[in-house]
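Hydrogens, waters and symmetry mates play no part in the numbers below; they use all other heavy atoms, side chains included. Nothing fancy with the numbering, it's 1 onward along the sequence. This structure is a prediction, so every number in the text was calculated from the model and none was measured.
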Amino acid sequence: MSNSNATSSRRRGIVVILAIVVVLLIVLSAFVWPGWAMRHNASQSAQATTQTTQSQQRPEKPAIDAVALPQDATDLMKALPDAVLNFARTKVEASTEWQDMSPLEEYTVTYSTGEKGHDITMSVAQWSDASAAAKLYEQLSTTDKASNGKLLAHGSVKVSGAQTGLYEVYELPVVDESAADESTTDTDKQDTKSENTTSSDKSSSTDGATDNKASKKSDSQKSSGKAVAVWQNDTVVFQITGAKEDVVDFYAKFPM
């Protein structure tokens with residue numbers, strides 16, 4: 001009987017020792033085994049970062065309902081999407097902005113997230129042939145270039161692999177009208193003064209006025225935080241304006 005008790009005690013002692021050894025090995029492995037604890041923590045950090053990034057992405061559905069189109073809506077109006085990402089169509093009205101180009105139909109359309117300062121204003125018009133649409137697109141893109149806006153993106157509009165037009169996206173600068181008025185006044189004064197100078201003096205004065213004007217112009221080219229995108233798709237021309245991030249996201253997902 002005593003031998004049996006002794007054997008049981010030895011077995012229990014061995015089990016306890018083995019348990020202690022296993023615990024020690026686990027604790028030591030977290031620090032001695034290279035990177036075990038760090039990889040575990042890094043995995044949790046990466047997962048948290050991914051979730052944070054996803055939460056910052058723009059919603060794909062609007063929080064407000066789109067306004068219904070009128071009963072006599074044309075095919076062009078019906079082709080306009082009710083929503084783009086979290087922008088819903090809130091207004092459609094006839095426009096005459098480009099009437100000198102004789103479009104078949106023309107509208108001003110507003111898309112909004114429902115939040116103040118996050119509206120997209122769209123001008124859209126259609127012609128009977130693509131050449132007329134291309135002519136207006138060229139005028140609009142040239143105007144944007146002349147305003148010295150920062151070019152954000154440009155390229156071809158393609159449908160089923162075939163090019164149907166072009167597009168350009170610009171960041172709009174702040175227009176300092178007071179600086180422009182002052183520059184114009186200075187130039188007028190310089191022109192009047194130059195009438196009483198020799199030809200060589202006139203050249204020098206003109207250079208000075210140009211430098212002054214360029215300086216004023218440079219100071220006024222601060223970003224307004226807004227952008228404009230203009231594109232032609234076959235017989236239709238679109239132009240949208242709004243906050244820079246809104247315009248870039250909206251254009252990228254607009255289906256037409």
Heavy atoms, side chains only, cut-off 4.5 Å: are Val109 and Arg89 in contact?
yes
Pro103 versus Ala125, closest heavy-atom pair with distance:
CB-CB, 4.0 Å
Gap separating the CD atom of Glu245 from the NE2 atom of His118, nearest 0.5 angstrom
8.5 Å
List the steps, then state whether side-chain contact (heavy atoms from CB on, under 4.5 Å) holds for Phe238 with Leu80.
CA-CA 11 Å; Phe238 301 86; Leu80 298 174; 4.2 Å; yes
Determine whether Leu151 and Val248 fall in the same hydrophobic cluster, where Ile, Leu, Val, Met, Phe, Trp and Tyr are linked whenever their side-chain heavy atoms lie under 4.5 Å apart.
no
Take Thr164 and Asp234 through the test side-chain hydrogen bond (donor to acceptor under 3.5 Å, both in side chains) and record every step on the way to the result.
CA-CA 5 Å; Thr164 57; Asp234 196 23; over 6 Å; no
Kindly work out whether a path of hydrophobic side-chain contacts (I/L/V/M/F/W/Y, heavy atoms less than 4.5 Å apart) joins Val159 to Met256.
no
Give the ring-plane orientation class for Trp231 versus Phe254, where under 30° counts as parallel, over 60° as perpendicular and anything between as tilted.
perpendicular
Could you tell me which non-hydrogen atom of Lys78 sits nearest to which non-hydrogen atom of Ala73, and how far apart they are?
CE-O, 3.4 Å
Under a 3.5 Å distance rule, please check whether Thr113 uses its side chain to pair with a backbone N or O of Glu115 as donor and acceptor.
yes
Check the pair Asp246 / Arg58 against side-chain contact (heavy atoms from CB on, under 4.5 Å), numbers first and verdict last.
CA-CA 10 Å; Asp246 292 343; Arg58 183 182 292 277; 2.9 Å; yes
Do side-chain atoms of Thr110 reach the backbone of Thr90 as a donor and acceptor pair under 3.5 angstrom?
no
Got a sec: does the CG of Asp75 have more than 12 other heavy atoms crowding it under 6.0 Å?
no
So CZ of Phe87 and CD1 of Ile64: to nearest 0.5 Å the spacing works out to 10.0 Å
Shared hydrophobic cluster for Met77 and Val236 (ILVMFWY, side-chain gaps under 4.5 Å):
yes
Checking side-chain contact (heavy atoms from CB on, under 4.5 Å) for the pair Phe250/Leu85: CA distance, chi angles, key distance, verdict?
CA-CA 7 Å; Phe250 185 94; Leu85 295 173; 5.9 Å; no
With a 4.5 Å limit on heavy-atom distance, are the side chains of Tyr111 and Pro62 in contact?
no
Evaluate the criterion side-chain contact (heavy atoms from CB on, under 4.5 Å) for residue pair Val228 and Val247; output intermediate values, then yes/no.
CA-CA 7 Å; Val228 55; Val247 167; over 6 Å; no
Using distance only, find each side-chain donor-acceptor pair of residues 127-134 under 3.5 Å and give its atom names and separation, not counting sequence neighbours.
from   : atom 1 : to     : atom 2 : distance (Å)
Trp127 : NE1    : Met101 : O      : 2.8
Asp129 : OD1    : Ser131 : N      : 3.1
Asp129 : OD1    : Ser131 : OG     : 2.2
Asp129 : OD1    : Ala132 : N      : 3.1

I'd like to know if Leu152 and Val84 are part of one continuous hydrophobic network [Ile/Leu/Val/Met/Phe/Trp/Tyr, side-chain heavy atoms within less than 4.5 Å].
yes
To the nearest 0.5 Å, what is the distance between OH on Tyr167 and NE2 on His154?
7.5 Å
So, Gln239 and Ser123: side-chain donor and acceptor under 3.5 Å apart, yes or no?
no
Looking at Glu93, I'd like to know if its CD atom is crowded, meaning that more than 12 non-hydrogen atoms belonging to other residues, nucleotides or ligands lie closer than 6.0 Å.
yes
Looking at Tyr251 and Ile240, would you say the former's side chain and the latter's main chain have a donor-acceptor pair under 3.5 Å?
no
Atom OH in Tyr107, atom OG1 in Thr96: separation rounded to 0.5 Å?
13.0 Å
For the side chain of Glu106 and the backbone of Trp98, is there at least one donor-acceptor N/O pair under 3.5 Å apart?
yes
CG/Leu104 to CG/Leu76 distance, rounded to the nearest 0.5 angstrom?
9.5 Å
If hydrophobic clusters are built by linking Ile, Leu, Val, Met, Phe, Trp and Tyr wherever their side-chain heavy atoms come under 4.5 Å apart, do Val169 and Leu140 end up in the same one?
no
Just verifying a value: how many Å separate Gln232 CD and Gln163 CD, rounded to the nearest 0.5 Å?
9.0 Å
